[in-house]
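Reading through the structure tokens given below for one structure.
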Amino acid sequence: MIDYQPLIQRWQDSALAPWAELLPAQIARGLAVERYGDLPRWLDALNALPAIVPSRIHLNRARVGADCDPPLAPAALAALEETLQGLHPWRKGPFELFGVHIDTEWRSDWKWQRLQAHIDPLAGRRVLDVGCGSGYHCWRMAGDGAAEVIGIDPTPLFVLQYWALQKYLQQPGVWVLPLGIQHVPPKLAAFDSVFSMGILYHRRSPLDHLQDLKSCLRPGGQLVLETLVIEGPEGATLVPEGRYARMGNVWFLPSGATLLGWLRKLGFVDEALVDVSVTTVEEQRATEWMRFQSLADFLDPTDASRTIEGYPAPRRAIVTARVPG
Ligand SMILES: C[S@@+](CC[C@H](N)C(=O)[O-])C[C@H]1O[C@@H](n2cnc3c(N)ncnc32)[C@H](O)[C@@H]1O
């Protein structure tokens with residue numbers, strides 16, 4: 001069921017040929033059973049998904065998914081739900097498959113709503129979504145007409161969640177690869193749009209990350225970046241000591257103005273801060289599809305404007321910028 005050959009073949013005579021050559025080994029490593037002890041269990045869940053022929057596919061609504069005529073009988077619905085639960089935790093979504101609402105930890109559709117009006121139209125474009133999780137936004141990009149969407153994420157569970165969706169959505173232009181940004185060959189200059197959302201603060205060298213994203217873009221291509229920020233003037237940056245909102249791997253939280261300055265320094269143009277939103281406990285919360293702790297547990301119980309460590313609570317910015325054309 002997991003088959004990347006069509007993509008590798010398609011890329012063979014394109015600007016992405018150098019990457020196509022590396023992909024078989026990268027994919028084998030990214031989904032190696034020896035590296036990920038839970039992988040066999042997740043693969044079992046994926047392989048246990050029933051064959052259902054969708055009547056309608058929904059890529060451009062909040063709950064990405066499919067439905068069928070006639071609707072599933074209650075027993076089949078319960079069986080599908082149980083199998084999909086085998087891929088717990090579901091973090092990015094929501095999805096709805098044949099009546100099963102996968103109510104994920106995040107309302108990722110809200111992020112999509114915040115950025116959709118501000119980005120270059122995706123129709124016909126080749127897009128890279130770095131750190132795409134289960135691929136929720138990749139489906140939305142395809143729904144907006146992108147010709148090819150390549151998501152990369154090194155967490156194998158999320159890649160299998162993508163394959164679970166792909167089993168039913170059958171989109172030949174949407175792919176999620178089990179890789180990190182460090183596996184993308186340098187200087188590809190092949191993508192019309194590159195998204196990096198929820199990644200920059202996890203990178204120890206944020207300017208290197210921005211440079212890596214730039215080298216994926218063709219001249220004139222657009223970067224869409226979403227990351228945690230703080231309030232403050234240009235130059236302000238928070239480097240949390242220890243954890244931030246219980247996350248151990250958070251490095252740099254710039255102010256919006258600092259972030260725009262970083263982009264200019266790297267040679268991006270047309271940089272713009274298009275949205276700043278404080279993350280709410282309605283947008284990120286525990287559900288029956290993500291039964292671990294979530295944002296409400298990571299905030300100061302007496303002051304929701306602070307994290308449990310005393311830092312400013314999560315505030316996220318969306319910026320766009322372009323590589324000179
Ligand atoms: C906070 S989530 C963001 C998901 C999605 N982009 C969104 O905005 O909803 C961060 C994602 O980055 C992935 N990630 C971790 N290390 C990465 C790396 N080196 N390269 C690319 N993605 C990475 C994680 O597996 C996780 O799915």
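The model shown is predicted, which means the values in this text are computed figures rather than measured ones. Counting starts at 1 for both ligands and their atoms, following the listed order.
- Note on Arg246 versus Asp297: no salt bridge recorded, every NZ/NE/NH1/NH2 to OD/OE distance being 4.0 Å or above.
- At the top of the distance list for atom 16 (N) of ligand 1, counting protein heavy atoms only, stands Pro154 CG, 3.7 Å.
- The distance criterion of under 3.5 Å between nitrogen or oxygen atoms is met by Arg203 with respect to ligand 1.
- At a 3.5 angstrom cut-off on N or O pairs, Lys111 counts as close to ligand 1.
- Within the 3.5 Å criterion, the main-chain N or O of Arg29 finds a donor-acceptor partner in the side chain of Arg35.
- For atom 13 (C) of ligand 1, the closest non-hydrogen atom of the protein is Asp153 OD2, 3.3 Å.
- Here the options are Gln284, Arg285, Lys92, the test is side-chain hydrogen bond (donor to acceptor under 3.5 Å, both in side chains), and the partner is Glu105; only Gln284 passes.
- Nearest residue to atom 3 (C) of ligand 1 from Glu105, His137, Met197 is Met197 (criterion: closest heavy atom).
- At least one N or O atom of Gln182 sits closer than 3.5 Å to an N or O atom of ligand 1.
- Trp139 and Tyr162 have parallel rings, their planes meeting at less than 30° on a 0 to 90° scale where 60° marks the start of perpendicular.
- Protein heavy atom in closest approach to atom 10 (C) of ligand 1: Gly198 O, 3.4 Å.
- The Ile199 neighbourhood of ligand 1 comprises atoms 10 (C), 11 (C), 12 (O), with distances under 4.0 Å to a heavy atom of that residue.
- Against a heavy-atom cut-off of under 4.0 Å, Tyr201 is close to the following atoms of ligand 1: 1 (C).
- Atom 20 (N) of ligand 1 has Ile181 N, 2.9 Å as its closest protein atom, hydrogens excluded (heavy atom only).
- Contacts between Phe158 and ligand 1 below 4.0 angstrom, taking non-hydrogen atoms only, involve the side chain exclusively.
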Verdict with reasoning, Tyr201 to Tyr244, per ring-ring contact (aromatic ring centres under 6.0 Å, His included): CA-CA 10 Å; Tyr201 52 89; Tyr244 173 86; 7.9 Å; no
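- Looking at Thr104, its side chain does come within 3.5 Å of a backbone N or O of Trp106 through a donor-acceptor pair.
- Considering both main-chain and side-chain atoms, Thr155 comes within under 3.5 Å of ligand 1 through a nitrogen or oxygen pair.
- Under a 4.0 angstrom heavy-atom cut-off, His183 registers as lying outside contact with ligand 1.
- Here the side chain of Tyr168 pairs no donor or acceptor atom with the backbone of Ile57 at under 3.5 angstrom.
- Taking a 6.0 Å sphere around CH2 of Trp110, one finds it holds more than 12 heavy atoms contributed by other residues, nucleotides or ligands.
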Worked check of ring-ring contact (aromatic ring centres under 6.0 Å, His included) between His88 and Phe292: CA-CA 10 Å; His88 174 273; Phe292 305 138; 5.1 Å; yes
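- Ligand 1 places these atoms under 4.0 Å from at least one heavy atom of Gly133: 27 (O).
- Those atoms of ligand 1 that come under 4.0 Å of a heavy atom in Gly131, given as number and element, are 3 (C), 4 (C), 5 (C), 6 (N), 11 (C), 12 (O), 21 (C), 22 (N).
- Although no hydrogens or angles enter the test, the distance criterion places a donor-acceptor pair under 3.5 Å between the side chain of Thr258 and the main chain of Ala236.
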